[in-house]
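Every chain is numbered from 1 and lettered A, B, ... according to where its sequence line falls, protein lines coming before strand lines. What you see is a predicted model; the values in this text were computed from it and never measured.
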Amino acid sequence: MRQSKTFIPTLKEAPNDAVVPSHVLMTRAGMTRQVAAGVYSFLPLGWRALRNVMEIIREEMDAIGGQEFQLPALNPREIWEETGRVEAFGDTMFHIKNRDYVLAPTHEEIMTYHARRVLASYKDLPQIWYQIQTKFRNEARPRSGVIRGRQFIMKDAYSFDVDAEALEKSYALHDGAYRKIFDRCGVEFFIVGASSGAMGGSGSEEFMVRSDAGEDTVAHCEKCGYAANVEVAQSKTSPKKRDAKSAAVEEIHTPNVRSIDELCEFLKIDETQCAKSRVYVAGDEPVLVLMLGNEEVNEAKLEGALGKAVRPGHAEELKEITGADAGSIGPVGFKGRVVADERLKDANNLYSGANKNDYHLGGIDLKRDVEKIEYADLRFALAGETCVSCGATLDVFTAIELGHIFKLGTKYTEALGANYLDENGSEKPIIMGSYGIGVERILACFIEGSHDEHGIVWNRALAPFDVHLLGLNMKKPAVAETCEDVYRRLSEAGYSVLYDDRVDAQAGFKFKDADLLGMPVQVVVGERNAKEGKLEVKVRKTFERHDAPIADVEKEAAAALAKV
RNA sequence: CGGGGCGUAGCGUAGUCCGGUUAGCGCGCCUGCUUUGGGAGCAGGAGGUCGCGGGUUCGAAUCCCGCCGCCCCGACCA
């Protein structure tokens, strides 16, 4: 494609609103433009890259027997009422004002609508149906460019099976296809397993990629692949050892000491000798939570342990419940349920609040001094701790969710009456699986992980073009003629070529633009080289470059592309 | 939805606190000449409802009131 005739509006400076690298670079490289918060246009270059992603997805979905659909974004609200999801989505769903339609945020309903009464027999199953289309969600806060938008392209697939065993097969097919898709796209993914209770399903996997622009914090073990959201992640930690002898409880006057740090400073003790108290309210019941030292309470784990939702107690409540303000609260004499982190199991000689302002207690023995204490894992796994499944060191970082597969079950088929007749003639609901991929996220995520100070660094699979051909001074006949020849030959050899044939751009300008756009290989034709029958071949990723005979350009391109 | 920040030419910005020239600068854009291997030089030029509406004032980008939009942090995320 001739750059002089192609719309690639590059920007030297980053727009003020772009913050994360992928957003900055996609804007600067002329791939995308923002239209509103969370709404983006894909310009020709960005669309080419996005089409590459979609084509990879399409090939792998077709390879497992998937059949592509084109479904409406405009859905009758009625269908969504049948599954109760108008209410479930709430404000996240866009509603049309002058017609009883909604903009589809996903397509379980429509796919199931097509399945019902048509997939009538066990002979019609299994089926894998998918689509690659725009979805709409009224996100409260769109952010990070196309990573969280109000309108975004999603590949979603649905499997329809006769029973749980058959669903396992469909699920496994998708699991395999997803690994291939992300591998081919060149993103380094890992998998977080989880149970998806709210969806009524029995199992799920999230395909995540490490990224500073990520919205989830996960613990990950590189050695064995263990990965989990920090809200549920576990790690092996050493409990505080019980001393042979328990000291007597002593009351200590600690004026103005309110935090563990201040307590340690005041008493010249280590924080591992302290038990931090936090008061939560679970339902109507006050619960005192004890953590070793200054560790943070993992509220998700606390809710899991208590089996109900919790909230931190208000400042006024604390005084009423404990007799003291935050900073002087402790387990001894606490009237109510006491739950301590496992690291404190049977610990003694601890310091904690006295439930009396400006006083702490020393010599606390949880076994001796706290009646009916319970223990549970209530902490966050931290980077550097030990993996529970293999003993290697855990890493904790933020990540972006690119894909999610889960065993859905019969939630939608039952709600919409999508049943089939089995071999015995008895009617049963179809078992579904649901499998999503955020298409733009793959692109953004790839760029997050593959760029340098000059711009984007594409791999072959996603690059909008294989080769960027630069004619340095197009007014010189030797350069122009060589470029035309090379452009024709590379194209005929099957490479997609972006040809910078602009006559008014200086050499340096073209180099900067090419580095920003980031095609894997640059072929540079300058006047001196051209007259000697040579050109320059540069690998964008490494900046490795060398001169080569013009006659060898096809071979040279192949060799350079093999390096990316 | 809570907290914070911002809105001046296509992009980046100065000016706003303390009202008073024709709203300034860099990049980009147009014309001409020169230049041509790492975002060129000179000369000339075009481009602005200062986010919108109302108010105060002789006079508002600047002060006051209301609204809108965008970004960031948090909450939320089937």
Side-chain angles (χ1 to χ4, degrees), chain A residues 7 9-20 23-24 27-28 30 33-40 80 83-93 104-109 135-145 147-150 152 154 156 194 196-201 204 206 213-216 229 231 299-300 311-312 400-401 404 406 408 411-412 415 434 436 438 453-455 470-476 478-480 500 502-517 522-531 534-536 538 540 543 545 547:
Chain A
F7 183 60
T10 57
L11 256 28
K12 195 168 169 179
E13 287 174 291
N16 194 258
D17 284 346
V19 175
V20 300
H23 188 192
V24 170
T27 309
R28 286 192 54 211
R33 282 291 185 271
Q34 183 168 5
V35 174
V39 181
Y40 291 82
W80 290 82
T83 57
R85 288 175 102 201
V86 172
E87 198 188 353
F89 269 106
D91 196 45
T92 303
M93 182 181 259
T106 174
H107 279 81
E108 279 86 2
E109 275 76 1
K135 315 271 172 178
F136 301 86
R137 292 182 197 181
N138 186 23
E139 294 290 349
R141 180 152 96 86
R143 71 184 95 181
S144 306
I147 288 171
R148 178 171 288 269
R150 293 210 168 109
F152 56 96
M154 184 177 190
D156 56 338
S196 55
M199 292 301 293
S204 80
E206 290 175 60
E215 302 184 310
D216 297 299
N229 194 296
E231 292 197 339
E299 294 181 7
R311 62 167 177 84
I400 299 176
E401 180 187 345
H404 193 178
F406 54 97
L408 198 50
K411 178 177 163 118
Y412 299 100
S434 170
E453 69 269 33
H454 305 288
L470 311 184
L472 292 194
N473 186 348
M474 294 302 291
K475 284 178 185 159
K476 303 290 183 186
V479 174
D500 194 343
R502 292 174 294 180
V503 287
D504 51 349
Q506 303 263 133
F509 191 93
K510 292 192 177 192
F511 284 129
K512 293 289 186 190
D513 248 9
D515 291 341
L516 173 62
L517 301 189
Q522 293 171 19
V523 171
V524 182
V525 176
E527 191 185 11
R528 192 175 309 159
N529 262 347
K531 282 180 175 166
K534 291 194 290 192
L535 42 67
E536 184 182 86
K538 174 174 138 188
R540 168 63 182 88
F543 271 61
R545 51 185 172 173
D547 289 341

Tell whether [X] reaches the base of [N] with its side chain through a donor-acceptor pair below 3.5 angstrom.
| X | N | value |
| --- | --- | --- |
| A:R143 | B:rC71 | no |
| A:D513 | B:rG39 | yes |
| A:R28 | B:rG12 | no |
| A:K475 | B:rU36 | yes |
| A:E13 | B:rG26 | yes |
| A:K538 | B:rG38 | yes |

Please classify the nucleic acid contact of [X] as base, sugar-phosphate, or nothing, using heavy-atom distances under 4.0 Å.
| X | result |
| --- | --- |
| A:T27 | nothing |
| A:A18 | nothing |
| A:A88 | nothing |

Measuring to OP1 and OP2 of [N], would you say a side-chain N or O of [X] lies under 4.0 angstrom away?
| X | N | answer |
| --- | --- | --- |
| A:Q506 | B:rG41 | no |
| A:N16 | B:rU13 | yes |
| A:R141 | B:rC72 | yes |

What is the ring orientation for A:H454 with A:F543, classed by angle as parallel under 30°, tilted 30 to 60°, or perpendicular over 60°?
-> tilted

Rounding to an integer number of Å, can you tell me how far [X] [atom1] sits from [N] [atom2]?
| X | N | atom1 | atom2 | answer |
| --- | --- | --- | --- | --- |
| A:R502 | B:rA40 | CZ | P | 12 Å |
| A:L517 | B:rG39 | CG | C1' | 13 Å |
| A:N473 | B:rG38 | CG | C1' | 15 Å |
| A:Q34 | B:rC11 | CD | P | 12 Å |
| A:R150 | B:rC77 | CZ | C1' | 13 Å |
| A:E453 | B:rG39 | CD | C1' | 15 Å |
| A:R33 | B:rG10 | CZ | P | 13 Å |
| A:D547 | B:rG37 | CG | C1' | 11 Å |

Taking it one step at a time, do A:Q522 and A:D515 satisfy side-chain hydrogen bond (donor to acceptor under 3.5 Å, both in side chains)?
-> CA-CA 9 Å; A:Q522 293 171 19; A:D515 291 341; 2.9 Å; yes

Range-with-range stems for RNA chain B, at least three Watson-Crick or G-U pairs under 3.5 Å | B:1-7 with B:68-74, B:10-13 with B:24-27, B:29-34 with B:40-45, B:51-55 with B:63-67

Of A:D17 and A:R528, whose nearest nucleotide on RNA chain B comes first from the 5' end?
-> A:R528

Which residue lies toward the 5' end of RNA chain B, A:L11 or A:A36, if each is placed at its nearest nucleotide?
-> A:L11

Residues A:R150 and A:Y40: side-chain donor-acceptor under 3.5 angstrom | no

Find out whether A:F406 and A:S434 are in side-chain contact, i.e. whether some heavy atom of one side chain is under 4.5 Å from a heavy atom of the other.
-> yes

Of all the choices, B:rC71, B:rG39, B:rG12, which nucleotide is nearest to the side chain of A:P15 once you look at every atom?
-> B:rG12

So which nucleotide from B:rC27, B:rC70, B:rG12 ends up closest to the side chain of A:K12?
-> B:rC27

Could you give the distance separating [M] and [N] at their [atom1] atoms, to the nearest angstrom?
| N | M | atom1 | result |
| --- | --- | --- | --- |
| B:rG20 | B:rG59 | P | 15 Å |
| B:rG38 | B:rG19 | C1' | 48 Å |
| B:rG4 | B:rU21 | C1' | 37 Å |
| B:rA23 | B:rU16 | C1' | 12 Å |
| B:rC67 | B:rU22 | C1' | 32 Å |
| B:rG41 | B:rG37 | P | 15 Å |
| B:rC64 | B:rG24 | P | 25 Å |
| B:rU49 | B:rC11 | P | 13 Å |

Where A:E109 and A:T83 come nearest, the two heavy atoms and their spacing = OE2-OG1, 2.5 Å

Looking only at heavy atoms, which two atoms of A:T27 and A:P15 are closest? And how far apart?
-> CG2-CG, 3.3 Å

Crowded around A:R528 CZ? As in, over 12 foreign heavy atoms under 6.0 Å?
-> no

Side chain of A:K510, backbone of A:G471: donor and acceptor closer than 3.5 Å?
-> yes

May I ask you to decide if A:P142's main-chain N or O and A:R148's side chain share a donor-acceptor pair within less than 3.5 Å?
-> no

Please assess A:T92 against A:N138 for the test side-chain hydrogen bond (donor to acceptor under 3.5 Å, both in side chains), listing each intermediate value before the final yes or no.
-> CA-CA 4 Å; A:T92 303; A:N138 186 23; over 6 Å; no

State whether the aromatic ring of A:F511 stacks on the base of B:rG38, taking stacking to mean ring centres under 5.5 Å apart and ring planes under 30° to each other.
-> yes

